[in-house]
Amino acid sequence: MEPTVIQDLGEFYGNHLFIKREDLIPYSFGGNKARKGILFFQDVDKGNYDSVVTYGSSHSNHCRVIANLAAERGIDSVIIGPEEVSDQTFNSQMMKLFGSKIITVPVNRVHDAIEEKLTELKNNGKNPYFIPGGGHGNIGTEAYVQCYEEIRKQGLFDYIFFASGTGTTHAGLVCGKLINNGPEQIVGISIARKNPKGRQVVLDSIREYMEDDVRANDATIFIDDYIGAGYGKENTEIKQTIIEVLVRYGIPLDATYTAKAFNGMQTYIQKQGIKGMKILFIHTGGTPLFFDNMKVL
Ligand SMILES: *Cc1c(COP(=O)(O)O)cnc(C)c1O
């Protein structure tokens, strides 16, 4: 993959702000799910698979990218999702366009439904490849180790901020830092999970990838102060951030991930009295969600 651009956004509360445009990865509206999905499909392409199974809601950027990657190859994609979040979005419309088979079940049945579907496909002589929700797991972590190394070739920053959801992006960046003895502070802004569990999930992903618990513990900064009303819930402040960033820089953010993280970063920098630093914000994508948000903006 070609490196994604790092743009200079200039002065930011006494610091110098840069943004890495992962949203401009040139595949299926980009984003961190594209970087992870492309790597998962390198694995799919090595085997004799005729279908992929994954899970996520109708809002899922991950499911849209996986559906696109499968459709491109002419193999089936099955998406298991929670009934509770199954309203129509631009992502869900694209999944349908890609011909995904979408199965919705109550959220507490998702795990069993995945197992049942995989068994059913195998019993029917199919060879399915399972991709964890959000592109979680070592392949997803590896995608962000690669991203970390890409950043280091582009420049050195004092801080790296981004939205932390399943924690895979976070884990990959921290592993990249540990492997390369990076000096920067890697700060994940949680969009839903609380401490200590949210941070533990990141640490578990790091441990699955590499064994370096002591350094991993020191290097994992998981901030849960900016979750607001919870996953996917926007508020006036988040809406304001979306409008401000769009007006000032011409960059779209979404309410679930990137605007929450940008807003969290902004407050964190002021609260911590951070000044004179080079700060990188990773734009992790979610452009279709930006358009879903238009009706509430
Ligand atoms: C999934 C997602 C995230 C969170 O990434 P994780 O690796 O799951 O922590 C952040 N931003 C966007 C736009 C996403 O779709």
Side-chain angles (χ1 to χ4, degrees), residues 28-29 31-34 36-37 40-41 43-44 49-140 163-169 190-194 197-198 200-201 204-205 208 227 229-234 254-257 285-286 288-289 292-293:
S28 197
F29 294 91
N32 63 349
K33 303 313 184 304
K36 295 189 222 181
F40 271 100
F41 269 76
D43 207 33
V44 172
Y49 301 101
D50 49 28
S51 46
V52 293
V53 176
T54 193
Y55 70 93
S57 77
S58 62
H59 296 232
S60 172
N61 295 311
H62 163 74
C63 292
R64 176 244 312 153
V65 169
I66 297 304
N68 202 158
L69 286 158
E72 176 195 340
R73 287 162 174 79
I75 66 176
D76 293 339
S77 58
V78 180
I79 295 168
I80 319 259
E83 241 164 51
E84 292 83 350
V85 190
S86 56
D87 55 320
Q88 182 175 294
T89 67
F90 286 117
N91 278 331
S92 74
Q93 284 175 280
M94 280 189 270
M95 293 173 215
K96 286 190 190 124
L97 198 74
F98 296 134
S100 295
K101 185 168 169 40
I102 298 165
I103 301 169
T104 54
V105 297
V107 67
N108 59 5
R109 284 255 321 126
V110 164
H111 182 266
D112 290 344
I114 292 166
E115 292 305 319
E116 286 161 22
K117 193 70 206 174
L118 287 168
T119 308
E120 181 199 311
L121 287 167
K122 285 174 196 158
N123 289 343
N124 290 340
K126 289 280 218 175
N127 190 20
Y129 184 97
F130 175 63
I131 303 179
H136 198 61
N138 269 346
I139 294 179
S164 193
T166 69
T168 321
T169 300
S190 177
I191 54 94
R193 288 179 181 158
K194 287 295 238 178
K197 184 168 177 283
Q200 191 55 51
V201 175
D204 291 346
S205 293
E208 204 185 314
I227 292 165
Y231 180 82
K233 304 254 175 14
E234 81 275 342
D254 77 287
T256 304
Y257 298 103
L289 300 178
D292 288 331
N293 295 149

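Because the structure is predicted, anything quoted here is derived from the model rather than measured. Each residue takes its place number in the sequence, starting with 1.
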Between CG of Asp76 and NZ of Lys101, what distance do you get to the nearest 0.5 Å? 10.0 Å
Close side-chain approach of Asn61 to Asn91, heavy-atom, < 4.5 Å: yes
Looking only at heavy atoms, the pair that brings Lys122 and Pro128 closest together is CG-CD, 3.8 Å
Side chain to side chain donor-acceptor pair (under 3.5 Å) partner of His59, chosen from Thr256, Asp254, Asp87, Asp292: Asp87
Measuring from Leu69:CG to Glu72:CD, what's the distance to the nearest 0.5 Å? 6.0 Å
Taking side chain as C-beta onward, heavy atoms only, is Ser51 less than 4.5 Å from Ile75? no
Do Glu116 and Asp112 have side chains that get closer than 4.5 Å, going by heavy atoms? yes
Would you confirm whether Asn293, through its side chain, and Ala255, through its main-chain N or O, come within 3.5 Å as a donor-acceptor pair? yes
For a quick test of reading the model, state the closest non-hydrogen atom pair linking His136 to Thr166 and the distance between them. CE1-O, 3.3 Å
Please lay out, stage by stage, how Met94 and Thr89 fare under the test side-chain contact (heavy atoms from CB on, under 4.5 Å). CA-CA 9 Å; Met94 280 189 270; Thr89 67; over 6 Å; no
Check whether Tyr257 forms a cation-pi arrangement with Lys33 (NZ or CZ under 6.0 Å from the six-membered ring centre, at most 45° off the ring normal). yes
Using every non-hydrogen atom in the two residues, find where Ser86 and Thr104 come nearest and quote the distance to one decimal. CB-CG2, 4.0 Å
Is the Tyr55 ring parallel, tilted or perpendicular to the Phe130 ring (thresholds 30°, 60°)? parallel
Might you work through the side-chain contact (heavy atoms from CB on, under 4.5 Å) test for Lys117 and Ile103, ending with a clear yes or no? CA-CA 10 Å; Lys117 193 70 206 174; Ile103 301 169; 3.6 Å; yes
